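First the structure, in the form of structure tokens, and then the observations on it.
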Amino acid sequence: MNQARVGLLVAAALVAVPLTASAQPKEQPKEINLDEPETPAEGTEPAEAPEAPAEGGGDEAGLGDICKIDPSACPTIDLNKEAAKDLNPETYAVQQIYALRYHRFEVNPYFGLTMNDQFVGHNGPGLAINWYLTNVLAIGVNGNWYAGLNTPSDFNFQTSRAARIGEPITEYQWNANANFTYVPAYGKFAGFSDFIFHYDFYVLGGVGAISTRPIAVVDPDNRTFDWKPKLSFHVGGGLRIFFNRWFAAMAEVSDYIFFDELENPSVAQSPQDRSTWLAEGKSFTNNVQAQVGFSVFLPFSWEYRLPK
């Protein structure tokens, strides 16, 4: 009787447990607002932040890893002492100049072509030699040779024949100048895919002499003129493109300024009188010419010396 009664009580307990659990209400999902910090529930304490490592404890975790990579560095380098040293690094924000000019000679052969005289061409070879006192300032000389290469133009021939008059023209023999050269800008540009060209601009000015004489046009049967040197002034500017550190192609425009003598357009009663062959006064003349050539810098190489 007692055993049957115990069995009934156990069976009733097993049935009551799931019924009680199913009768409890389900917990609603909690909304989380990411803009506001989460507050701990009532009756609970906030979690404490992890403690920072003790001073000097980073050696084993950080600096000690270097010993694993290079064990030979551990006994010879005190990393803490090295890290405490003051650093004075020198940073060069701009690339070093590709071709230095300081204390170098520039030898510049070229050929000049007349640009502004429609009646006669004064073409000829020339040579310039410069010595750079600094990287941007140089002193030097240049000269041009014209004798035998002066050519009256076809335009002059056609004009003289059509108008039945002769235009006074002159021919040049030589020209020499002492110059100052200044390089205000230099840089580089890309060309031919990834090839880098370095260039510089320069301007120059100087003083010298030029030897000229009139070409007898009005009365060539009686008049012959002698070469005479005249004071001249030289101004110009150009561009150099470097192919390496000592060789460059150059193009320059120069103006040689002087006062020239012209043939007298009228014939005196006595054609043999030499004092009547030249026109009165002198003519202000600009001989503008394009000069194309190359530059060679000597010595060919050098060594950079950076500040310590």
Side-chain angles (χ1 to χ4, degrees), residues 89-116 121-146 149 174-208 210 232-257 286-308:
E90 291 185 0
T91 302
Y92 294 87
V94 181
Q95 182 188 17
Q96 294 175 341
I97 298 175
Y98 178 73
L100 284 180
R101 292 171 289 274
Y102 175 67
H103 280 190
R104 299 179 78 190
F105 280 103
E106 178 193 12
V107 180
N108 170 215
Y110 59 84
F111 193 86
L113 303 171
T114 301
M115 297 182 63
N116 66 324
H122 309 290
N123 307 320
L127 178 67
I129 299 176
N130 297 307
W131 166 254
Y132 278 86
L133 304 173
T134 70
N135 200 47
V136 297
L137 182 64
I139 56 174
V141 296
N142 84 296
N144 303 284
W145 184 259
Y146 306 104
L149 300 174
W174 54 262
N175 167 249
N177 307 273
N179 307 301
F180 283 96
T181 301
Y182 177 66
V183 181
Y186 49 86
K188 60 185 177 181
F189 64 91
F192 302 105
S193 184
D194 57 352
F195 192 84
I196 302 297
F197 291 95
H198 295 258
Y199 67 90
D200 64 19
F201 290 104
Y202 63 91
V203 293
L204 72 160
V207 62
I210 184 169
S232 67
F233 299 92
H234 178 203
V235 293
L239 169 70
R240 280 187 293 251
I241 299 178
F242 289 86
F243 296 101
N244 55 36
R245 297 182 187 270
W246 57 267
F247 183 80
M250 57 77 63
E252 178 183 317
V253 176
S254 281
D255 185 6
Y256 301 93
I257 306 167
N286 293 85
N287 177 37
V288 180
Q289 65 182 44
Q291 300 174 178
V292 181
F294 59 89
S295 292
V296 176
F297 285 84
L298 304 173
F300 295 124
S301 62
W302 71 90
E303 181 181 354
Y304 278 109
R305 293 182 182 180
L306 301 179
K308 295 183 179 179

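All residue numbers refer to positions in the sequence shown, counting from 1. What you see is a predicted model, and the numbers here were worked out from it, not measured in a lab.
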inquiry  = Is the distance between the ring centroids of Tyr186 and Phe242 under 6.0 Å?
reply    = no
query = Is the distance between the ring centroids of Phe197 and Phe189 under 6.0 Å?
reply = yes
[atom2] on [Y] to [atom1] on [X], rounded to 0.5 Å:
X: Glu106; Y: Ser295; atom1: CD; atom2: OG; value: 3.5 Å
X: Asn135; Y: His103; atom1: CG; atom2: NE2; value: 10.5 Å
X: Leu239; Y: Asp200; atom1: CG; atom2: CG; value: 7.5 Å
X: Trp174; Y: Trp145; atom1: CH2; atom2: CH2; value: 9.0 Å

Would you say the side chain of [Y] lies within less than 4.5 Å of the side chain of [X], judging by non-hydrogen atoms?
X: Tyr182; Y: Thr134; value: no
X: Gln291; Y: Asn108; value: no
X: Tyr132; Y: Phe297; value: yes
X: Leu127; Y: Val107; value: yes
X: His122; Y: Asn144; value: no

Closer than 3.5 angstrom, by distance alone: can the side chain of [X] be matched with the main-chain N or O of [Y] as a donor-acceptor pair?
X: Asn123; Y: Thr114; result: yes
X: Arg245; Y: Phe300; result: no
X: Asn116; Y: Val288; result: yes

task = Establish, yes or no, whether the cationic atom of Arg101 lies under 6.0 Å from the six-membered ring centre of Tyr202 and within 45° of the ring axis.
result = no
key: Set of residues satisfying side chain to side chain contact (heavy atoms under 4.5 Å, CB included) with respect to Asn244, sequence neighbours excluded   = Tyr98, Trp246, Phe247
query = Would Asn142 and Asn179 count as having a side-chain donor-acceptor pair, cut-off 3.5 Å?
reply = yes
query = Is the number of heavy atoms from other residues, nucleotides or ligands under 6.0 Å of Phe111 CZ greater than 12?
reply = yes
query = Which of parallel (below 30°), tilted (30 to 60°) and perpendicular (above 60°) describes His234 and Tyr256?
reply = parallel
request  = Begin with the C-alpha distance, continue with both residues' side-chain angles, and end with the deciding distance and a verdict on side-chain contact (heavy atoms from CB on, under 4.5 Å) for Glu252 and Leu204.
outcome  = CA-CA 10 Å; Glu252 178 183 317; Leu204 72 160; 3.9 Å; yes
